[in-house]
Amino acid sequence: MLTTALSTLRTRWVTFAGSFVALSLGVALIAVMGLALASSLDAPDRGPERFAAAPVVVKGPDTVRVSTPIGVRGQKLAQPRAVPDDVVAKLRDLGTVVEDRSFAVRAEGGPADLVGHPWSTAAFAPYELDAGRAPEAVDEVVVSGDWARPGTRVRTDGGTVRVVGTVAGLGFENAVFHTDARAAELAPRSLQLVVDADAAAVREAVRGSEGVQVLTGNARRYADADPDRDTEALTAMNAMFGTAGGVTGFVSVFVVASTFAFAVARRRREFGLLRTAGATPGQIRRMVVHEALAVGALASAAGCALGSQAAPVLVEWAVDENLAPRWFTLGDHTWPYHTAFWTGLLVALCGVLAASWRAGRTGPAEALREASVDARPMTRGRLLCGAALLVTAAVTLALALMTDPGDLLGRKTYVTRPMLLITAVALLAPVLVRPLVRLIAWLPARLPGAGGTLVRENAATGVRRTAAVAAPVLVTVALAGSLLGATATLDGAKATEVRERTAADFVVAPAGDAGFDEATLRRLRAVPGVEVFSASSSSAVYVLEEGMALVRSDARAAEPGPLAATTRLPLAAGKADDLDDDSIIVNEEWEKRTVGERVDVWLGDGTRKSLRIAAVMTVGTGDNGVYVTPRNAPAAPVDRVDVRLAHGADASAAAAGLRRAVRASGGEVLTGEAWVRAARPESDRRTRAGFFLVLGIALLYTGISLANTMVMATSDRVRELAALRLAGATRWQVLRLVGAEALTVVVVGGLLGALVAGLDLAGMWGALGLLSVWTPIEVPWTTLGAVLGTCAVLAVISAVVPAGLALRRGAVELAGTRE
């Protein structure tokens, strides 16, 4: 049978070409994913940047640690604490101490990510002057890069300054250096400092000071801004490639299984002849499996070779798009190739198992059959499997809605959940195809001429062919609708929450991360027409859930009265006015959520406190954090001011007054409606890139499968096309008929894919409703139209071109053609 299988591959190479290409691409992508994953797992830690030349860095407490029965649990503090004054005094006795400060800077004509520092810290990077001199006056600065030259005057949010020197940029930041005194005015809090002393002596000096860290060597990188950004980028990149690899495996099995199933269905006369010649069912099955393994081995080898060439290109793209750290490169690893190769063989075997079983059941009498009508388009096993998967998907969704609807909003959930529905609907497609075809072709069949009727009957009777062509379209449309629709719906729900909560006439936001100072807040309060003024800060609180997990909740600190007047909180119990320094407003996700009950929390600076629950909010999309008073958010800067105007106040005059009040410190004044539009969330660019990568893979596979299946189907219909020519149809009429059938089948696949996407998005809509967020479903119509149009073009070309080539021969010659 192995010899027969190899002979079949040579004579029916067109049949297996699509599976070969699909498997090759799948193996290549798995190899790329494995290479990227292997390289990221042994990637070196980023070295120190701002403090690469510093002897010792002392950092204040930045982590809250809580003892639990299963060990110590920790979380990063929202408001890290400074090094205690008594510790600083001890350190000054050991050597020179330089306090570090960092603050955002907005400058006309400068980079958007400018950050300010004291000049005395420049030597620790080290930065070296390449022009001009060091700053000496309060209005003098040194800048990195070439965006400003010495002598240039620059307007910043901290006043107009004069550039007196420049340093070469080191690649990790765009810096502005002030004098130490001016930097202390702009950023009063210093969270870390550099000590020029022996490290052992420094550790002895800080002994007993809880949470104070002494950083030397490579550990000095923890004093840099966002030291975990590389780890986060690598994790996000791995998630993106992991998702793409998972979808690749799913779609490749789908395509291979569909291709082999259709190929087996079209070869029943061949198998019948083999059975007549004495072949046993087991021999037929082994022949089909040997064919798949041969294709799988060749495709896997080709895929590994392709992956070795594609991996550097893809990694370079990820670095250019800031999806991976700029230093990231591929390592020298071999296990990804082994994984990809054997996965390809497994995919080929999985894809052919069902087809081989069907092939073995072919009887000798099949050799005598000539009809192309599918009398039994679906086996009982396929029907049971499809129904079981559909019931499983429905039960899983129902349980999630009843127990934890918020879980349906997670990215992992809405990426993987459509797969089950896609598989179920694809298995049941032969049952759904016939009524859908008759529905789609109802109007064309009633038009003058026989074309519409022929299209309807050909597509409806050739159920296996129609289902095989519609399957890849189903996958692509379902993935596009589900993934992009889920993210758009979730973003729309978050925007709805922002809109429903905002009751302010104006919202004022600072220019940087430092927030508004007291002088600016006084000027804002004094603006004529302002009736309610609510200054709020971003912070966090930490709670020990079930005695074991230390959970962080984002918090907003505001005075209760102004908060209630400018914000409509989604309360499920209690009143916002009851908030005070001894209480907290929580949401329904908290373990303790009864009004009046007390809960132990750790504030944003790590202080432990027992607070009474004043009110409980609904869960929403997950952004409903907690609310506390400003006293319970120490050191949190004011990063938002909500303003309500007095009745009859001139809104234009008030807006002008608010803008004048923040002109010196920098800030943006927006109306309530403009704030809602500006605050509308958008999906993370890594998430979008990953989704479009997944959809690109799905669309590529769809093209392969459509082309392969259409070529196979058209080559099997040569005698049917000849019969049409002998009946009087012209060559162009036959080609139009073939193209119309292809379009009909693509529409069938599009409708089935839209059904899957609709069911998936309906589940998310139900989950949002249970979480008290009522928002319309966002359907990516433009993307779906583009996907469906691309599929239609591919299908028509793949059907019409082979038919046109076949019709170049005479009708009588075509009628005598055999398989």
Side-chain angles (χ1 to χ4, degrees), residues 22 26 29 243-262 347 350-351 354 378 382-397 400 408 411-433 436 466-487 489 690-706 709 745-764 777 779-780 783-784 787-788 790-791:
L29 286 169
T243 301
V247 173
T248 298
F250 172 79
V251 178
S252 59
V253 170
F254 202 95
V255 169
V256 172
S258 177
T259 302
F260 273 105
F262 183 63
V347 166
C350 291
M378 185 167 63
R382 178 170 179 170
L383 178 62
L384 291 176
C385 287
L389 287 176
L390 191 60
V391 170
T392 301
V395 171
T396 303
L397 177 61
L408 296 176
R411 185 170 67 89
K412 289 184 179 179
T413 302
Y414 65 69
V415 167
T416 57
R417 191 175 63 248
M419 307 301 180
L420 193 61
L421 273 175
I422 290 172
T423 307
V425 174
L427 288 174
L428 297 174
V431 176
L432 305 172
V433 159
L436 279 177
T466 302
V469 176
V473 181
L474 184 162
V475 173
T476 308
V477 172
L479 286 177
S482 297
L483 299 184
L484 300 183
T487 54
T489 299
F691 284 170
F692 281 111
L693 179 62
V694 167
L695 294 178
I697 293 170
L699 190 57
L700 184 61
Y701 273 120
T702 296
I704 295 168
S705 182
L706 278 175
T709 308
V745 175
V746 168
V747 173
V748 169
L751 288 177
L752 291 175
L755 173 65
V756 171
L759 292 174
D760 187 57
L761 295 178
M764 174 172 279
I777 294 176
V779 180
T783 303
L784 290 182
V787 167
L788 202 57
T790 303
C791 292

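All values below were derived from every heavy atom in this structure, side-chain atoms included, with hydrogens, water molecules and symmetry-related copies excluded.
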Considering all heavy atoms of both residues, which atom of [X] and which atom of [Y] are nearest to each other, and what is their separation?
X	Y	answer
Ala424	Leu390	CB-N, 3.6 Å
Ala470	Val748	CB-CG1, 4.3 Å
Ala478	Ala757	O-CB, 4.1 Å
Pro780	Leu484	CG-CB, 3.9 Å
Pro418	Asp760	CG-OD2, 3.7 Å
Ala387	Leu428	N-CD2, 3.9 Å

Heavy atoms, side chains only, cut-off 4.5 Å: are Leu755 and Leu751 in contact?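 In short, these two side chains do not touch, never coming nearer than 4.5 Å.
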CA sep, side-chain torsions, deciding dist, call: Leu479, Ile422, side-chain contact (heavy atoms from CB on, under 4.5 Å): CA-CA 9 Å; Leu479 286 177; Ile422 290 172; 4.0 Å; yes
Rounded to the nearest 0.5 Å, how far apart are [atom1] of [X] and [atom2] of [Y]?
X	Y	atom1	atom2	answer
Leu421	Leu752	CG	CG	12.0 Å
Met764	Thr487	CE	OG1	8.5 Å
Leu389	Leu384	CG	CG	11.0 Å

By the definition side-chain contact (heavy atoms from CB on, under 4.5 Å), identify the one residue from Val477, Thr423, Val425 that meets it with Val756.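 The single option meeting the side-chain contact (heavy atoms from CB on, under 4.5 Å) with Val756 is Val425.
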